[in-house]
Enquirer: 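Below is one structure. I have some questions about it.
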Amino acid sequence: MSVIDVQLPDGSVRSLDDGSSARELAAAIGSRLAHDAIAAQVNGELTDLNRPLHHGDRVTIVTPASDVGRDVLRHSTAHVLAQAVLRLWPGAHYAIGPSIRDGFYYDFALPQGARFSDDDLDRIERVMRSIVAEDQPFLRSEYSIEEGLELFKDQPFKVEIIAGVGDGANPEDAGEVGGSVVSTYANTPEFQDLCRGPHVPSTKRLGYFKLMRVAGAYWRGDEKRPQLQRIYGTAWESKEALAAHLVQLEEAEKRDHRRLGAEMDLFSFPGELGPGLAVFHPKGGTIRRVMEEYSRGRHVAGGYEFVNSPHITKAELFETSGHLEWFADGMYPPMELDDGQQYYLKPMNCPFHMLIFKARQRSYRELPLRMFEFGTVYRYEKSGAVHGLTRVRGMTQDDAHIFCTREQMAQELSDLLNFVLGLLRDFGLNDFYLELSTRPEGKAVGSDEEWNEAEATLGDVARQAGLELVLDVGGGAFYGPKISVQARDAIGRTHQLSTIQLDFQTPQRFEASYVASDNARHRPIMIHRALFGTVERFMAILIEHYAGNMPTWMSPDQVVVLGVRDDHDDYAHQVASALRGDGVRVSVELANEPLGSRIRRAKLEKVPYVLVVGDEDVVSRTVGVNARGANDPERGVDLEEFRSRLRVEIAEHGSPELSRAT
RNA sequence: GCCUGGGUAGCUCAGUCGGUAGAGCAGCGCAUUCGUAAUGCGCAGGUCAGGAGUUCGAAUCUCCUCCCAGGCUCCA
């Protein structure tokens with residue numbers, strides 16, 4: 001028998017008998033690896049463990065505790081889910097079941113339009129566990145497209161996928177099937193699934209999974225096509241990893257801004273107002289005010305001018321802008337006034353700023369002209385889309401529009417991106433990447449030349465920023481491409497924050513112009529940009545980022561002063577008054593209940609500094625400092641020293657926890 | 001908008017078989033005067049989301065509406 005050489009990831013070479021598979025390779029390397037192996041990567045391509053290797057192949061053995069490995073076992077677990085559902089609902093149609101972040105899902109259409117309920121998850125999970133215990137192999141077979149169609153003739157979704165590959169209608173399905181070859185994996189004679197693979201060798205390699213929830217999902221993500229029943233699950237390489245993930249979910253839940261918003265008395269959604277309409281309570285209002293004031297200051301320094309516009313307008317404005325044509329569904333229905341005139345609540349601020357630009361003749365000497373407004377807009381979001389403060393129907397954008405010349409555009413965009421990132425960093429976010437969204441086919445206005453120029457300019461600016469750049473093909477607005485700044489928060493989730501959109505169209509639609517040095521009229525370029533996105537959403541993201549522990553400069557209550565006994569209350573008030581003079585938000589809790597109880601309440605309210613003052617402090621004009629997140633209180637801190645510490649921390653936007661962490 | 005689940009005091013939740021509502025925390029009152037995360041006693045607090053129906057009787061069963069959650073779709 002001849003011998004082949006294969007190369008391992010570390011560059012070393014192993015000789016194997018010809019016809020050996022990755023399974024044998026793993027065994028040759030070590031028994032531990034042989035035991036852990038679930039799949040292989042051969043020359044970069046993911047394959048089953050038993051696929052024969054060839055001379056010169058570069059081979060990586062895939063084990064469960066890796067990104068690729070988890071992907072494989074999640075996908076395999078999805079197959080087990082499908083088998084379990086088909087056992088429990090004979091005649092069910094199964095559609096697709098990919099692995100996703102942290103888990104997998106599978107979509108089904110049950111016989112007679114039946115639907116899963118939450119209680120079904122337990123039953124299904126039990127069947128899945130018995131399938132795992134049955135130690136079923138995943139056996140790969142390959143068929144022609146015709147054979148595949150015959151094999152799955154009772155499974156309309158599978159037939160559509162296979163047929164789609166045949167006629168090239170759905171290129172993404174080529175991944176599902178693999179070129180002109182239809183591959184399947186059979187676990188038992190009764191159950192096989194169309195699949196590119198690879199899979200774990202046997203179901204006994206699975207087991208650390210949990211079905212999470214049922215949901216509806218449209219076939220092929222298309223609202224007009226049938227809605228399928230989707231089951232989501234999570235799956236991991238070990239019991240510990242699964243448990244850690246579930247703990248992580250609980251952590252995220254504790255940070256949920258809706259929960260913290262209620263607990264910390266920041267805002268609420270009174271049922272009387274309707275979905276997606278919030279009221280901000282005094283503490284939430286303070287956070288908002290601080291955010292807005294800081295933003296205003298930065299915008300003044302950044303050369304912006306401040307404008308204002310009304311909340312309602314005649315339909316004409318949005319006919320001109322094109323919003324009524326594209327987004328009428330997302331706007332509140334019009335109010336009809338007695339002369340038959342239709343008025344709309346504004347979903348956007350840009351047309352108003354356009355009118356301000358047009359209010360008089362503009363000179364090139366005024367450009368770039370930057371108009372800023374905290375503009376409150378109303379959008380009729382679908383009822384199922386509203387979510388806490390992150391998706392609301394009434395929201396305030398930190399919206400600005402920059403009018404400039406074509407020549408100024410690149411520089412202006414580049415300065416703008418720096419401005420954006422600087423402001424976001426001031427709020428404590430500093431892990432960013434950019435996304436470039438390009439022309440949406442079929443719903444874009446404007447010429448190819450304009451779009452190409454706009455995309456090229458934005459692309460250059462994005463690349464020059466030196467951040468990771470992700471392309472989002474077709475994700476732009478109807479009037480222009482956009483850069484969005486994505487930020488990772490403290491627990492690694494990413495949020496789309498600022499957007500910068502380049503717009504050649506709106507100035508044309510409004511016939512805006514300026515007089516240039518050549519004494520002729522030229523068309524300005526318009527840049528739309530929002531840094532927070534909306535104040536509401538940005539606040540929600542910050543609350544979750546900080547788990548409610550807002551940096552001192554943003555905290556609604558920065559300091560609480562507690563006298564030990566009520567004869568210390570006078571001094572407590574003196575301390576508070578001195579701090580108030582420094583602009584600090586401070587309150588005094590009178591000594592009519594036990595100290596421990598008052599401290600506990602302040603801690604639960606996440607107040608950055610609790611000051612305790614007693615006999616010694618009154619005598620020596622000191623305070624006891626109990627800082628949020630600190631293990632031990634500091635006794636006898638000179639009041640003047642504490643004031644200056646706090647002044648510095650607030651001015652620098654520091655957060656006590658963050659500074660202690662370093 | 002669609003699918004699944006939910007809505008009981010300000011909050012977290014109990015409420016059995018259909019028999020007319022309960023706890024803890026928070027709030028209020030009184031007492032307590034205390035050095036770093038819960039002092040004691042008392043009081044008050046509910047159209048059981050809203051409406052209709054079945055029933056002698058509905059928080060509980062049925063239907064409709066509103067609102068919330070998790071998804072799908074959408075997101076200028």
Side-chain angles (χ1 to χ4, degrees), chain A residues 105 107 113 115-121 212-232 253 256 258-259 262-263 265 268-277 318 321-331 346-351 377 379-388 390-391 397 440 443 475-480 482 496 499 501 503 506 528 530 533 562-569 590-605 610-617 624-627 630-636:
Chain A
Y105 67 79
D107 287 347
R115 301 194 178 100
F116 294 124
S117 78
D118 282 4
D119 299 333
D120 293 328
L121 292 183
M212 303 299 282
R213 54 180 53 96
V214 311
Y218 300 104
W219 170 233
R220 296 227 187 261
D222 185 343
E223 230 180 336
K224 295 177 191 66
R225 307 205 58 177
Q227 187 167 48
L228 305 178
Q229 293 285 300
R230 174 172 296 180
I231 293 179
Y232 282 94
E253 205 178 307
D256 191 311
R258 292 163 302 186
R259 175 194 180 115
E263 281 175 10
D265 195 16
S268 59
F269 294 88
E272 293 86 338
L273 300 190
L277 298 168
F318 295 116
S321 72
H323 287 104
L324 264 176
E325 186 183 341
W326 294 108
F327 292 106
D329 285 353
M331 292 168 65
K346 69 171 170 180
M348 287 296 285
N349 302 301
C350 43
V377 299
R379 297 180 180 181
Y380 187 69
E381 302 285 1
K382 287 183 185 178
S383 63
V386 297
H387 176 96
T390 59
R391 194 81 180 268
Q397 297 177 312
K443 55 178 295 189
F478 70 87
Y479 49 72
K482 70 179 179 194
Q496 178 179 311
T499 58
Q501 303 177 343
D503 178 7
T506 307
H528 306 241
L562 312 176
V564 173
R565 283 190 317 272
D566 57 8
D567 51 326
H568 303 127
D569 282 347
L590 298 177
N592 54 9
E593 59 183 315
L595 181 62
S597 157
R598 284 176 289 152
I599 289 171
R600 178 166 190 270
R601 187 164 57 242
K603 291 287 181 187
L604 291 175
E605 287 171 5
V610 178
L611 302 186
V612 174
V613 294
D615 290 332
E616 301 156 28
D617 299 296
V625 179
N626 189 334
N631 293 326
D632 300 304
E634 256 182 291
R635 288 283 293 273

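Throughout, protein chains are lettered first and strands after them, A, B, ... in sequence-line order, and every chain is numbered starting at 1.
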Enquirer: At 4.0 Å (heavy atoms only), tell me whether Glu263(A) reaches a base, stays on the sugar-phosphate, or touches nothing.
Expert: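 If one applies the 4.0 Å heavy-atom cut-off, Glu263(A) turns out to touch nothing in the nucleic acid.
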Enquirer: Report yes if a side-chain nitrogen or oxygen of Lys224(A) is closer than 4.0 Å to either non-bridging phosphate oxygen (OP1 or OP2) of rC74(B); otherwise report no.
Expert: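 Result: no.
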Enquirer: Rounding to a whole Å, what distance do you find between Trp326(A):CH2 and rC74(B):P?
Expert: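 Value for this atom pair: 15 Å.
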Enquirer: Would you say a side-chain N or O of Arg115(A) is under 4.0 Å from OP1 or OP2 of rU4(B)?
Expert: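 Yes, because at least one side-chain N or O of Arg115(A) sits under 4.0 Å from OP1 or OP2 of rU4(B).
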Enquirer: What integer distance in Å separates Asn349(A):CG from rA76(B):P?
Expert: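 Distance check: Asn349(A) CG to rA76(B) P gives 15 Å.
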Enquirer: Can you tell me the Watson-Crick or wobble partner of rA69(B), both distances under 3.5 angstrom?
Expert: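 Looking at the geometry, rA69(B) pairs with rU4(B).
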Enquirer: Between Asn592(A) and Met331(A), which is nearer to the 5' end of RNA chain B once each is assigned its nearest nucleotide?
Expert: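 The residue closer to the strand's 5' end, by nearest nucleotide, is Asn592(A).
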Enquirer: Return the nearest nucleotide to the side chain of Val214(A); candidates are rA37(B), rU4(B), rA76(B).
Expert: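 Nearest to the side chain of Val214(A) among the choices is rU4(B).
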Enquirer: Counting side-chain heavy atoms from CB outward, which of rU4(B), rC75(B), rC72(B) is closest to Lys443(A)?
Expert: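 The listed nucleotide nearest to Lys443(A)'s side chain is rC75(B).
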Enquirer: Regarding Gly596(A), tell me which of base, sugar-phosphate or nothing describes its non-hydrogen contacts under 4.0 Å with the strands shown.
Expert: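 Sugar-phosphate contact only - Gly596(A) comes under 4.0 Å of backbone atoms but never of a base.
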Enquirer: If the threshold is 4.0 Å, N to carboxylate O, is there a salt bridge linking Arg635(A) and Asp617(A)?
Expert: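 Not counted as a salt bridge, because no side-chain N and carboxylate O are separated by less than 4.0 Å.
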Enquirer: Counting the atoms with a prime plus P, OP1 and OP2 as sugar-phosphate, which does Asn626(A) contact under 4.0 Å by heavy atoms, base, sugar-phosphate, or nothing?
Expert: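 If one applies the 4.0 Å heavy-atom cut-off, Asn626(A) turns out to touch a base.
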Enquirer: Give the rounded distance in Å between these two atoms: CG of Leu595(A) and C1' of rU36(B).
Expert: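 One finds 6 Å between C1' of rU36(B) and CG of Leu595(A), rounded.
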Enquirer: May I have the distance from Glu605(A) (atom CD) to rU36(B) (atom P), rounded to whole angstrom?
Expert: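 Going from Glu605(A) (CD) to rU36(B) (P), I get 20 Å.
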Enquirer: Taking only the C1' atom of each, what is the distance from rG10(B) to rC48(B) in whole angstrom?
Expert: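 Nearest-Å result for rG10(B) against rC48(B) at atom C1': 16 Å.
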Enquirer: Categorize Gly563(A) for me: base, sugar-phosphate, or nothing, with a 4.0 angstrom heavy-atom threshold over every strand shown.
Expert: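 No contact.
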Enquirer: Could you let me know what rA52(B) is paired to, Watson-Crick or G-U wobble, both distances under 3.5 Å, or none if it's on its own?
Expert: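 When the pairing criteria are applied, rU62(B) turns out to be the nucleotide that pairs with rA52(B).
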Enquirer: Among rA76(B), rU36(B), rG71(B), which is the nearest nucleotide to the side chain of Ala215(A)?
Expert: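 The answer is rG71(B).
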Enquirer: Let's test your reading of the model: under 3.5 Å, does the base of rU33(B) pair with the side chain of Asp566(A) as donor and acceptor?
Expert: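 Present.
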Enquirer: Can you tell me, in whole Å, how much space there is between the P of rG29(B) and that of rU12(B)?
Expert: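 Taking atom P in both rG29(B) and rU12(B), they lie 25 Å apart.
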Enquirer: Using only modelled atom types and a 3.5 angstrom limit, is any donor from either the side chain of Gln227(A) or the base of rC3(B) paired with an acceptor on the other?
Expert: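 By the distance-only test, no, there is no pair.
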Enquirer: Of the candidate nucleotides rU39(B), rA37(B), rC34(B), which contains the atom at the shortest distance from the side chain of Val564(A)?
Expert: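 So the nucleotide nearest the side chain must be rC34(B).
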Enquirer: By the 4.0 Å heavy-atom rule, please label Asp222(A) as base, sugar-phosphate, or nothing.
Expert: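 The answer is nothing, as Asp222(A) stays clear of every strand by at least 4.0 Å.
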Enquirer: Nearest to the side chain of Arg379(A), heavy atoms from C-beta on, is which of rA37(B), rA76(B), rC72(B)?
Expert: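 When the side chain of Arg379(A) is considered, rA76(B) is the closest of rA37(B), rA76(B), rC72(B).
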Enquirer: Check this for me: does the side-chain of Tyr380(A) come within 3.5 Å of the base of rG1(B) through a donor and an acceptor?
Expert: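 Counting by modelled atom types and ignoring angles, no donor-acceptor contact under 3.5 Å is found here.
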Enquirer: Using only heavy-atom distances, decide whether a donor-acceptor pair under 3.5 angstrom links the side-chain of Asp615(A) to the base of rG35(B).
Expert: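 By the distance-only test, no, there is no pair.
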Enquirer: Tell me the interatomic distance from Arg565(A), atom CZ, to rG35(B), atom P, rounded to whole angstroms.
Expert: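 It is 8 Å, rounded to the nearest whole Å.
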Enquirer: For atom C1', what is the distance between rG35(B) and rC41(B), given to the nearest Å?
Expert: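 Rounded to whole Å, the distance is 26 Å.
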Enquirer: Please give the nucleotide sitting opposite rU12(B) as a Watson-Crick or G-U wobble pair, both distances under 3.5 Å, or none.
Expert: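 Here rU12(B) is engaged in a pair, and the nucleotide opposite it is rA23(B).
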Enquirer: Using the C1' atom as the reference point in each nucleotide, state the distance between rU4(B) and rU8(B) in Å, no decimals.
Expert: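 Taking atom C1' in both rU4(B) and rU8(B), they lie 22 Å apart.
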Enquirer: Hey, does Phe318(A) have a side-chain heavy atom less than 4.5 Å from the side chain of Lys346(A)?
Expert: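 They are in contact (side-chain heavy atoms under 4.5 Å apart), so the answer is yes.
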Enquirer: Below 4.5 Å, heavy atoms only, C-beta onward: do Ile599(A) and Leu562(A) meet side chain to side chain?
Expert: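 Yes - at least one pair of side-chain heavy atoms lies under 4.5 Å apart.
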Enquirer: Among rU39(B), rA76(B), rC72(B), which is the nearest nucleotide to the side chain of His323(A)?
Expert: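 Among rU39(B), rA76(B), rC72(B), the one nearest the side chain of His323(A) is rA76(B).
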Enquirer: Consider side chain to side chain contact (heavy atoms under 4.5 Å, CB included). Of Leu611(A), Asn626(A), Val612(A), which one does Pro633(A) pass it with?
Expert: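 Result: among Leu611(A), Asn626(A), Val612(A), Asn626(A) is the only option passing the side chain to side chain contact (heavy atoms under 4.5 Å, CB included) with Pro633(A).
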Enquirer: Please give the distance between the C1' atoms of rU16(B) and rG22(B) as a whole number of Å.
Expert: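 Rounded to whole Å, the distance is 14 Å.
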Enquirer: Is there a Watson-Crick or G-U wobble partner for rG42(B) with both distances under 3.5 Å, and if so, which one is it?
Expert: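 Pairing partner, where one exists within any strand: rC28(B).
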Enquirer: Provide the distance between the two C1' atoms, one in rU62(B) and one in rA26(B), to the nearest whole Å.
Expert: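 About 37 Å, rounded to a whole number of Å.
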Enquirer: For Glu616(A), which contact category applies under a 4.0 Å heavy-atom criterion: base, sugar-phosphate, or nothing?
Expert: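 The residue Glu616(A) makes base contact.
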Enquirer: Between protein and nucleotides 67-69 of chain B, what N or O pairs are separated by less than 3.5 Å?
Expert:
residue	atom	partner	partner atom	Å
rA69(B)	OP1	Arg258(A)	NH1	3.3
rA69(B)	O3'	Arg258(A)	NH1	3.3

Enquirer: Rounding to the closest angstrom, what is the interatomic distance between rG15(B) and rG19(B) at atom P?
Expert: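 To the nearest whole Å, 14 Å.
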Enquirer: Using modelled atom types and a 3.5 Å cut-off, is there a donor and acceptor pairing between side-chain atoms of Arg379(A) and backbone atoms of Gly330(A)?
Expert: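 Checking the backbone N and O of Gly330(A) against the side chain of Arg379(A), no donor-acceptor pair under 3.5 Å is found.
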Enquirer: Could you let me know what rC34(B) is paired to, Watson-Crick or G-U wobble, both distances under 3.5 Å, or none if it's on its own?
Expert: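 Checking every strand shown, rC34(B) finds no partner, since no pair has both distances under 3.5 Å.
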Enquirer: Provide, to the nearest angstrom, the distance between the CG atom belonging to Leu604(A) and the P atom belonging to rG24(B).
Expert: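 About 19 Å, once rounded to whole Å.
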Enquirer: Which nucleotide in the set rG70(B), rU73(B), rU33(B) lies at the smallest distance from any side-chain heavy atom of Ala591(A)?
Expert: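 Out of rG70(B), rU73(B), rU33(B), the nucleotide with an atom closest to Ala591(A)'s side chain is rU33(B).
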Enquirer: Looking at Arg391(A) and rC74(B), is any side-chain donor or acceptor paired with a base atom of the opposite kind under 3.5 Å?
Expert: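 A donor-acceptor contact between them is present.
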Enquirer: Take atom CZ of Arg230(A) and atom P of rG70(B), then tell me their distance rounded to the nearest Å.
Expert: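 Those two atoms, CZ and P, are 16 Å apart.
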Enquirer: Report the base-pairing partner of rC17(B) (Watson-Crick or G-U wobble, both distances below 3.5 angstrom), or none.
Expert: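 Checking every strand shown, rC17(B) finds no partner, since no pair has both distances under 3.5 Å.
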Enquirer: Looking at Lys482(A), I'd like to know whether one of its side-chain N or O atoms comes within less than 4.0 Å of OP1 or OP2 on rA76(B).
Expert: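 Checking Lys482(A) against rA76(B): at least one side-chain N or O falls below 4.0 Å of OP1 or OP2.
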Enquirer: Consider the side chain of Pro594(A), meaning its heavy atoms from C-beta on, and name the nucleotide among rC74(B), rC34(B), rG35(B) that approaches it most closely.
Expert: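 For the Pro594(A) side chain, the nearest candidate turns out to be rC34(B).
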Enquirer: Does OP1 or OP2 of rU4(B) have a side-chain N or O of Arg213(A) closer than 4.0 Å?
Expert: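 No, outside the criterion.
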Enquirer: Report the residue (Val610(A) or Asp567(A)) whose heavy-atom-nearest nucleotide on RNA chain B is the more 5′ of the two.
Expert: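 Nearer the 5' end of the strand: Asp567(A).
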Enquirer: Between rG71(B) and rC30(B), how far apart are the P atoms? Round to whole Å, please.
Expert: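 So the two P atoms sit 49 Å from each other.
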Enquirer: Name the pairs: protein N/O against N/O of nucleotides 26-30 of chain B, kept only if under 3.5 Å.
Expert:
none

Enquirer: Any side-chain heavy atom of His528(A) sitting closer than 4.5 Å to one from Thr499(A)?
Expert: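 No; the side chains remain at least 4.5 Å from each other.
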Enquirer: Any side-chain N or O of Tyr232(A) less than 4.0 Å from the OP1 or OP2 oxygen of rC72(B)?
Expert: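 Checking Tyr232(A) against rC72(B): at least one side-chain N or O falls below 4.0 Å of OP1 or OP2.
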Enquirer: Looking at every strand, decide which applies to Phe327(A) at a 4.0 Å heavy-atom threshold: base, sugar-phosphate, or nothing.
Expert: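 Base, at least one base atom sits under 4.0 Å.
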Enquirer: Rounded to the Å, how far apart are Glu223(A) CD and rC72(B) P?
Expert: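 The distance from CD of Glu223(A) to P of rC72(B) comes to 13 Å, rounded to the nearest Å.
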